[in-house]
Amino acid sequence: MSRRAAGFDLAKSLGDPGFTPSRRDVPALLELLAEGGAEERELAQRALRRVGEPAIAMAMERAKEAQPEARARLVGLVGRASGAEPSEAARAFLLGALEDAEASVRRRAAGGLGRTRGDAAVAEA
């Protein structure tokens, strides 16, 4: 595990194209995605997508308790980060989000499922 400088600032590091987030950064990045300003949200989402599966799993867990706007962002992250071949857990999460009371959450879930390869997502929906 690499050590970071004493003055390390995650928010500032997101603007550095050479920055690679670690798994330990995921909770703070999810917080920025859920509650940050527009630029912070975009940078956090890019970083979370680079983390991959650990970020997807934590986003799905956090979405259970999130407010509607943050939940929509988290669902969108799962859809984008999962790519064309989401895990079974991610696919089930997105399918479940199609039933959410919030239209924005349903739209993000549908968008994520629309990125999947094949007809499996359509057949399950």
Side-chain angles (χ1 to χ4, degrees):
M1 177 174 12
S2 65
R3 297 195 181 253
R4 293 188 171 152
F8 175 77
D9 183 343
L10 180 61
K12 288 181 182 176
S13 297
L14 291 175
D16 178 358
F19 173 68
T20 301
S22 72
R23 186 181 195 139
R24 69 177 173 216
D25 294 322
V26 172
L29 290 169
L30 289 172
E31 183 65 28
L32 285 173
L33 178 66
E35 306 298 332
E39 184 177 348
E40 288 176 319
R41 290 191 313 258
E42 178 62 32
L43 292 171
Q45 184 174 108
R46 286 183 195 164
L48 286 161
R49 288 170 59 192
R50 288 193 301 269
V51 174
E53 191 58 41
I56 293 169
M58 288 185 207
M60 291 188 299
E61 188 60 33
R62 181 172 174 155
K64 293 176 186 176
E65 305 294 325
Q67 294 298 313
E69 191 173 321
R71 191 167 61 249
R73 292 183 192 131
L74 293 165
V75 168
L77 170 67
V78 171
R80 296 195 95 152
S82 295
E85 297 183 18
S87 68
E88 288 301 316
R91 183 185 308 274
F93 172 80
L94 292 170
L95 286 168
L98 290 174
E99 303 295 324
D100 197 277
E102 293 294 321
S104 60
V105 174
R106 294 190 306 267
R107 277 193 302 274
R108 301 264 179 112
L113 288 167
R115 289 182 184 84
T116 61
R117 191 173 299 158
D119 296 326
V122 175
E124 292 176 31

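Numbers for residues simply follow the sequence, beginning at 1. Since the model is a prediction, treat every value here as computed from it, not as a measurement.
- When all heavy atoms of Arg62 and Pro27 are compared, the closest pair comes out as NH1-O, 4.1 Å.
- Follow the hydrophobic side-chain contacts under 4.5 Å out from Leu10 and you reach Leu77 in the same cluster.
- Checking side-chain atoms of Arg106 against main-chain N and O of Ala101 turns up a donor-acceptor pair under 3.5 Å.
- The side-chain hydrogen bond (donor to acceptor under 3.5 Å, both in side chains) pairs that include a residue from residues 69-84 are Glu69-Arg73, Arg71-Asp100, where partners are two or more places apart or lie in different chains.
- Annotation: side chain of Leu14 is in contact with side chain of Leu32 (closest heavy-atom distance under 4.5 Å).
- Looking only at distances, no side-chain donor or acceptor of Asp16 sits under 3.5 Å from a matching main-chain atom of Ser13.
- A distance of 11.0 Å separates CG in Leu33 from CG in Leu43, rounded to the nearest 0.5 Å.
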Distance-only donor-acceptor pairs under 3.5 Å for side chains of residues 45-61, two or more places apart:
from  : atom 1 : to    : atom 2 : distance (Å)
Arg46 : NE     : Glu42 : OE2    : 3.2
Arg50 : NH2    : Phe19 : O      : 3.2
Glu61 : OE1    : Lys64 : NZ     : 3.1

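- Nearest heavy atom pair, residue Arg115 against residue Gly79, reads CD-O, 4.1 Å.
- Of all heavy-atom pairs between Ala90 and Pro86, the closest is CB-CB, 4.0 Å.
- With sequence neighbours excluded, no residue forms a salt bridge (Lys or Arg N to Asp or Glu O under 4.0 Å) with Arg108.
- Both Leu29 and Leu74 are members of a single hydrophobic cluster when ILVMFWY side chains are connected at heavy-atom separations under 4.5 Å.
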